[in-house]
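Notes to accompany the following structure.
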Amino acid sequence: MCTAVYVLSAVTGYVLTSALLLKRPTLWHRRKQAKFLSRHISHRGGAGENLENTMAAFKHAVDLGTDMLELDCHLTKDEQVVVSHDANLKRSTGINAYISDVAYAELPPYFCKLDVTFQRECYCEGGVDNCIPLLKDVFMAFPNTPVNIDIKANNDTLIRKVSELVIKFDREHLTVWGNASNHIVNKCYKENPCIPLLFSVTRVLQLLGLFYTGLLPFVPLKEQFLEIPMPSILTKLKDPKTITKSQKVFTWLADTLLMRKTLFDHLTARGIQVYIWVLNDEEDFQRAFDLGATGVMTDFPTKLKDFIVRNGITKPQ
């Protein structure tokens, strides 16, 4: 009987403490301080309005007033850090070669028309700018704009050179970096712990485990940015007739587990920004902000800006 009372008291105390710290995490953790807050994030510069990852796309997004540019980095054969999503150039240029095997001066231009990955049956036709830019050119052109860097290759030299560029252009306070791979993220942190980190997929799964067991309020987190997809959009990217029942169930389950306002509110209270990608429809913009996301990443920066202005969505304090 005494043992049962002790166990019940301990469990009750744990549950109540966890609930309290979930709601008020600064009682246990120091709030992370970021130099910027991003509501409007332009995916690959806005791949639905300009050719992805080009200077023209980045300029268009910055001129619109985007809060952050999201881009991808690879390393060329002559060790230049370039901004491009795919490791292989086939999809974007028609040349079946890897960026790592081609010198920067020999990189082919992008096609004048590229598919928009996160919009079904959608293509973007670009203007005169179809060149693959250097990361340093982006930093030079937009010195005051936060940049979200996806390190696309497990390459120590790439990670080191990106860090060196961030330091050279005094952007440690205006940059966040990472990758889906936990191995790459750990290397980024080891190379330069002063650049804020994104959660890897492994760390997102750990985060969910901690959240659903009630342990999250007690555990310190080194990352400052949670960048996750909204699983429900996956059903929009495929022909509804081709989506199987198991795929629908998996998508529903992932969406239910991941899109949790209580989780987002807790992270936000700890100073961790929550970005949801890649949303291109107004109903998804609204859902993300209703859930408490700090920001939305989109291929259509003009559409997102219009939505934010029309709905009076301001930056969180």
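Excluded from the calculations below are hydrogen atoms, water molecules and symmetry mates; all remaining heavy atoms, backbone and side chain alike, are included. Count residues from 1 along the sequence.
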**OP:** May I ask you to test the L134-Q80 pair for a side-chain heavy-atom distance under 4.5 Å?
**Re:** yes
**OP:** Kindly indicate whether the side chain of N179, heavy atoms from C-beta on, has any atom under 4.5 Å from the side chain of N154.
**Re:** no
Original post:
Any chain of hydrophobic side-chain contacts (each under 4.5 Å) joining L215 to L263?
Top reply: yes
Original post:
Does N130 reach the main-chain N or O of Y110 with its side chain, forming a donor-acceptor pair under 3.5 Å?
Top reply: yes
**OP:** Please name the pair of heavy atoms, one in R270 and one in P220, separated by the smallest distance, quoted to 0.1 Å.
**Re:** NH2-CA, 3.6 Å
Original post:
Which atom names give the shortest non-hydrogen contact between M230 and D255, and what distance separates them?
Top reply: CG-OD1, 3.9 Å
Subject >> ring pair (Phe, Tyr, Trp, His ring centres under 6.0 Å) contacts touching residues 240-289 (sequence neighbours left out) >> reply: F118-W277, F225-Y275, F285-F307
Original post:
So do the side chains of L258 and V204 get within less than 4.5 Å of each other, counting heavy atoms only?
Top reply: yes
Can you give me every donor-acceptor pair (side chain of residues 94-102, partner residue at least two apart or in another chain, under 3.5 Å) with its distance?
{"unit_1": "N96", "atom_1": "OD1", "unit_2": "N88", "atom_2": "ND2", "d": "3.1"}

Subject >> L257 reachable from I233 in the ILVMFWY side-chain graph, under 4.5 Å edges >> reply: yes
**OP:** Using side-chain contact (heavy atoms from CB on, under 4.5 Å) as the criterion, list what pairs up with D281, not counting sequence neighbours.
**Re:** Q119, K236, E283, D284, K303
Original post:
For the side chain of T235 and the backbone of S232, is there at least one donor-acceptor N/O pair under 3.5 Å apart?
Top reply: yes
What pairs of donor and acceptor atoms, side-chain ones from residues 190-197 against any protein atom, are under 3.5 angstrom apart with sequence neighbours left out?
{"unit_1": "N192", "atom_1": "OD1", "unit_2": "C194", "atom_2": "N", "d": "2.9"}
{"unit_1": "N192", "atom_1": "ND2", "unit_2": "S163", "atom_2": "OG", "d": "3.1"}
{"unit_1": "N192", "atom_1": "ND2", "unit_2": "E172", "atom_2": "OE2", "d": "2.9"}

Original post:
Would the number of heavy atoms belonging to other residues, nucleotides or ligands and lying under 6.0 Å from NZ of K238 be above 12?
Top reply: yes
Original post:
Looking at W28 and P217, what are the two nearest heavy atoms and their distance?
Top reply: CD1-O, 3.6 Å
Original post:
Is there any side chain to side chain donor-acceptor pair (under 3.5 Å) pair reaching into residues 42-57, and which pairs are they, with sequence neighbours excluded?
Top reply: S42-T66, H43-D299, R44-E52, R44-H85, R44-T117, E49-H60, E49-T302, E52-R91, N53-D72
Subject >> Other residues, nucleotides, ligands: >12 heavy atoms within 6.0 Å of K187 NZ >> reply: yes
**OP:** Would you sort out whether I151 and I149 count as a side-chain contact (heavy atoms from CB on, under 4.5 Å), showing the intermediate values?
**Re:** CA-CA 6 Å; I151 302 293; I149 301 174; 3.8 Å; yes
Original post:
Shortest non-hydrogen contact from A288 to V296?
Top reply: CB-CG2, 3.7 Å
Subject >> Donor-acceptor contact present, side-chain T93 to main-chain K90, <3.5 Å >> reply: no
Original post:
From F211 CZ over to T213 OG1, what is the distance, rounded to the nearest 0.5 angstrom?
Top reply: 10.0 Å
Original post:
Side chain of H40, backbone of P301: donor and acceptor closer than 3.5 Å?
Top reply: yes
Subject >> Side-chain donor/acceptor of D239 to backbone N/O of K241, under 3.5 Å >> reply: yes
Original post:
So how far is it from R120 CZ to L237 CG, rounded to the nearest 0.5 Å?
Top reply: 9.0 Å
**OP:** Kindly check if the number of other-residue, nucleotide or ligand heavy atoms within 6.0 Å of NZ (K59) is above 12?
**Re:** no
Original post:
Does the R160 side chain pair with the main chain of N155, one donor and one acceptor, at a distance under 3.5 Å?
Top reply: no
Original post:
What's the spacing between L51 CG and S92 OG if we round to 0.5 Å?
Top reply: 10.0 Å
Original post:
Are a donor atom and an acceptor atom from the side chains of T202 and S200 found within less than 3.5 Å of each other?
Top reply: no
**OP:** Treat each ILVMFWY residue as a node, draw an edge where side-chain heavy atoms are under 4.5 Å apart, and state whether I167 and L174 are in one component.
**Re:** no
Subject >> Co-membership, hydrophobic cluster, residues F111 and V116, 4.5 Å side-chain >> reply: no
**OP:** Give me the one residue out of R287, M259, M297 that meets side-chain contact (heavy atoms from CB on, under 4.5 Å) with I276.
**Re:** M259
Original post:
Do you know the tightest heavy-atom contact between T242 and Q247?
Top reply: O-OE1, 3.8 Å
**OP:** Determine whether L279 and T298 make a side-chain contact, defined as any pair of heavy atoms from C-beta on separated by less than 4.5 Å.
**Re:** no
Original post:
If we only count heavy atoms from C-beta on, is the D67 to P146 side-chain gap below 4.5 Å?
Top reply: no
Original post:
Are K136 and V81 side-chain neighbours, meaning at least one heavy-atom pair lies under 4.5 Å?
Top reply: no
**OP:** Considering non-hydrogen atoms only, spot the tightest contact between K152 and L158 and give its length.
**Re:** N-CD2, 4.5 Å
Original post:
Going from NZ on K161 to CG on L75, what distance comes out if it is rounded to the nearest 0.5 angstrom?
Top reply: 7.0 Å
Original post:
Hey, what do you get for SG (C188) to CG (L198), rounding to the nearest 0.5 Å?
Top reply: 9.0 Å
Original post:
Tell me, which pairs form a ring pair (Phe, Tyr, Trp, His ring centres under 6.0 Å) where one or both residues lie in residues 174-200, sequence neighbours left out?
Top reply: none
**OP:** Using the side-chain contact (heavy atoms from CB on, under 4.5 Å) rule, take K168 and F139 through it: C-alpha gap first, then chi angles, then the decisive distance, then the call.
**Re:** CA-CA 10 Å; K168 178 181 178 180; F139 285 172; over 6 Å; no
Original post:
Would the number of heavy atoms belonging to other residues, nucleotides or ligands and lying under 6.0 Å from NZ of K23 be above 12?
Top reply: no
**OP:** Apply the test side-chain contact (heavy atoms from CB on, under 4.5 Å) to residues D137 and V83: give CA-CA distance (whole Å), side-chain angles for both, the deciding distance (0.1 Å), then the verdict.
**Re:** CA-CA 10 Å; D137 291 339; V83 178; over 6 Å; no
Subject >> Distance in Å, L16 CG paired with L21 CG, rounded so as to fall on 0.5 Å steps >> reply: 11.0 Å
Original post:
Would you say T175's side chain and V147's backbone share a donor-acceptor pair under 3.5 angstrom?
Top reply: no
Subject >> Intermediate values then yes/no, side-chain contact (heavy atoms from CB on, under 4.5 Å), L221 and L267 >> reply: CA-CA 10 Å; L221 301 169; L267 294 175; 3.9 Å; yes
Subject >> I41 backbone acceptor or donor facing S38 side chain under 3.5 Å >> reply: no
Original post:
Using 30° and 60° as the class limits, which term best fits the ring planes of F218 and Y14: parallel, tilted or perpendicular?
Top reply: parallel
Original post:
Are the side chain of K305 and the backbone N or O of L64 linked by a donor-acceptor pair below 3.5 Å?
Top reply: yes
Original post:
Is it true that a side-chain atom of D265 and a backbone atom of G292 form a donor plus acceptor pair closer than 3.5 Å?
Top reply: no
Subject >> Flag if over 12 foreign heavy atoms under 6.0 Å of OH, Y212 >> reply: yes
Original post:
Is there a path from F58 to V162 through hydrophobic residues (I, L, V, M, F, W, Y) whose side chains come within less than 4.5 Å of each other?
Top reply: yes
Original post:
Hey, are R310 and D306 close enough for a salt bridge, meaning a charged N less than 4.0 Å from a carboxylate O?
Top reply: no
